[in-house]
Number of protein chains: 2
Amino acid sequence: MELVAAKLKFIEAWGKLGSEWGINRTMAQVHALLLISPEALTTEEIMDALSISRGNANMTLRDLIGWGLIEKQHKAGERKEYFFADKDVWNIARQVAKERKKRELEPVLKVLNELSTVVGDEKDPEYKTFKKSVNDINKLAVNVDKTLETMLKAEESWFWGSILKVFK
Amino acid sequence: MELVAAKLKFIEAWGKLGSEWGINRTMAQVHALLLISPEALTTEEIMDALSISRGNANMTLRDLIGWGLIEKQHKAGERKEYFFADKDVWNIARQVAKERKKRELEPVLKVLNELSTVVGDEKDPEYKTFKKSVNDINKLAVNVDKTLETMLKAEESWFWGSILKVFK
DNA sequence: ATAAACTTTCAATAATTTTTGAAAGTTAAA
DNA sequence: TTTAACTTTCAAAAATTATTGAAAGTTTAT
């Protein structure tokens, strides 16, 4: 396959995966584009490469900065802004894990904790089933949370080394 | 909080989490409803509880069966179908992991592998950056895949025991 | 065979999400 | 201070996704 075709395929695949996991497809595509760009790109270049509007590019880049995945750069003597992506895949994974944990896992964990405190008649099957499901989900969520917490602080080789050694 | 209010809150929270992770909100809500129902429910009961149409309920229930999360039940002497959710949270987690791995991770892994084989000029920064990002993502994806593979076969207490012991 | 009870399908509609593009805003050089 | 270069905003439009509901389909009892 040609490099140009391969790049397009990568951008498309990354966009598809993103949208399947609740991430705006364009945001994932812009991220993909920057991940395979050796140099920082301007808004103009991104608009052209992905055929998107200035407004869309601007908002998407702002979001990516908010996710901690890219940064603005300035070149001496130039007015326009350049965008550059961190290429360290372990950093990226940790950053995404950190944000999704904060934005989506923690709020639901808060609700689950609150729901765990609801009291009722232990003889009531409705109550018993509710309580069991909520508590069990809560326990799982806490384990996931702990694992993510560890991952966020971990060195890549140590993390996978530990996990895969145990699992063998 | 009242049990009735708590149930609604749980259904809402589960629906929200689902939609944030690319799962149809209604599907997550129906699943939540069945998770806290001690008895199997009819389509009619689900429609009423969530204020959704028959068509929506029918399609959603079919999808949940496709995800391996609920099953149809029949009661002796009755024509109508009942739906019952597996309440084992570890089973649920494994089932969801299994399906998402199959539907979303594996297709992207296939593309990444294909893209890893693209050859080019090692002096070309465009090629070098492309290759490095694709390879690094591929490696991470393989580790995630292996971990999920282990999880799918694992007993809950062994899995978390192993992980959290190492991380401590 | 017919009817009653129930389920499925899917074209039309509604709701939500994403994108556009032009106007307003900002910054820095002339 | 004016202008040019660039960025940001956001209401309107477009695209996508989800939902409805009624007709068609199926199954079982009579």
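To find a chain, count down the sequence lines: A is the first, B the second, and so on, and within it residues start at 1.
- Atom C1' of nucleotide D:dT7 and atom NE2 of A:H74 are separated by 11 Å, given to the nearest angstrom.
- Applying the side chain to side chain donor-acceptor pair (under 3.5 Å) rule to pairs touching residues 139-155 of chain B yields B:K101-B:E149, sequence neighbours excluded.
- B:L105 has its side chain out of reach of B:L109: every pair of non-hydrogen atoms, C-beta onward, lies at least 4.5 Å apart.
- Proximity of the aromatic rings of A:W160 and A:F167 is defined here by a centroid distance below 6.0 angstrom, and this criterion is not met.
- The nearest whole Å value for the distance from the CG atom in A:L61 to the P atom in D:dC6 is 16 Å.
- Below 30°, between 30° and 60°, or above 60°: for A:W14 and A:H31 the angle between ring planes is between 30° and 60°, a tilted geometry.
- For C:dT19, the OP1/OP2 oxygens have a side-chain nitrogen or oxygen of A:N24 closer than 4.0 Å.
- Spacing between atom CE of A:M27 and atom P of C:dT18 amounts to 11 Å, rounded to whole angstrom units.
- Within residues 28-57 of chain B, the residues having any heavy atom closer than 4.0 Å to DNA chain D are, in order of number, B:S51, B:I52, B:S53, B:G55, B:N56.
- Taking the charged nitrogens against the carboxylate oxygens, B:K131 and B:E122 do have a contact shorter than 4.0 Å, which makes a salt bridge.
- For B:R79 against D:dT27, a side-chain N or O and a base N or O form a donor-acceptor pair under 3.5 Å.
- We find that CZ of A:R25 is positioned 21 Å from P of C:dT16, with the value rounded to whole Å.
- With rounding to whole Å, A:I23 atom CD1 is found 14 Å from C:dT18 atom C1'.
- For the OP1/OP2 pair of C:dT18 and a distance below 4.0 Å, the side-chain nitrogens and oxygens of A:T26 include no atom meeting the criterion.
- Rounded to whole Å, atom P of C:dT17 lies 18 Å from atom CD of A:E20.
- Of the two residues near DNA chain C, B:E78 and B:S19, the one whose nearest nucleotide lies more 5' is B:E78.
- Side-chain contact between B:V30 and B:I52: present, with at least one pair of heavy atoms (C-beta onward) separated by less than 4.5 Å.
- The distance from atom CG of B:L64 to atom P of D:dA18 is 14 Å, rounded to the nearest whole Å.
- Within the 4.0 Å cut-off from OP1 or OP2 of C:dA28, not a single side-chain nitrogen or oxygen of A:K80 is found.
- With a 4.5 Å cut-off on side-chain heavy atoms, B:R103 and B:W67 count as touching.
- Proximity of B:N58 to the phosphate of C:dT7: no side-chain N or O atom is located under 4.0 Å from OP1 or OP2.
- Here the C1' atom of nucleotide C:dT7 and the CE atom of B:M59 are 13 Å apart, to the nearest Å.
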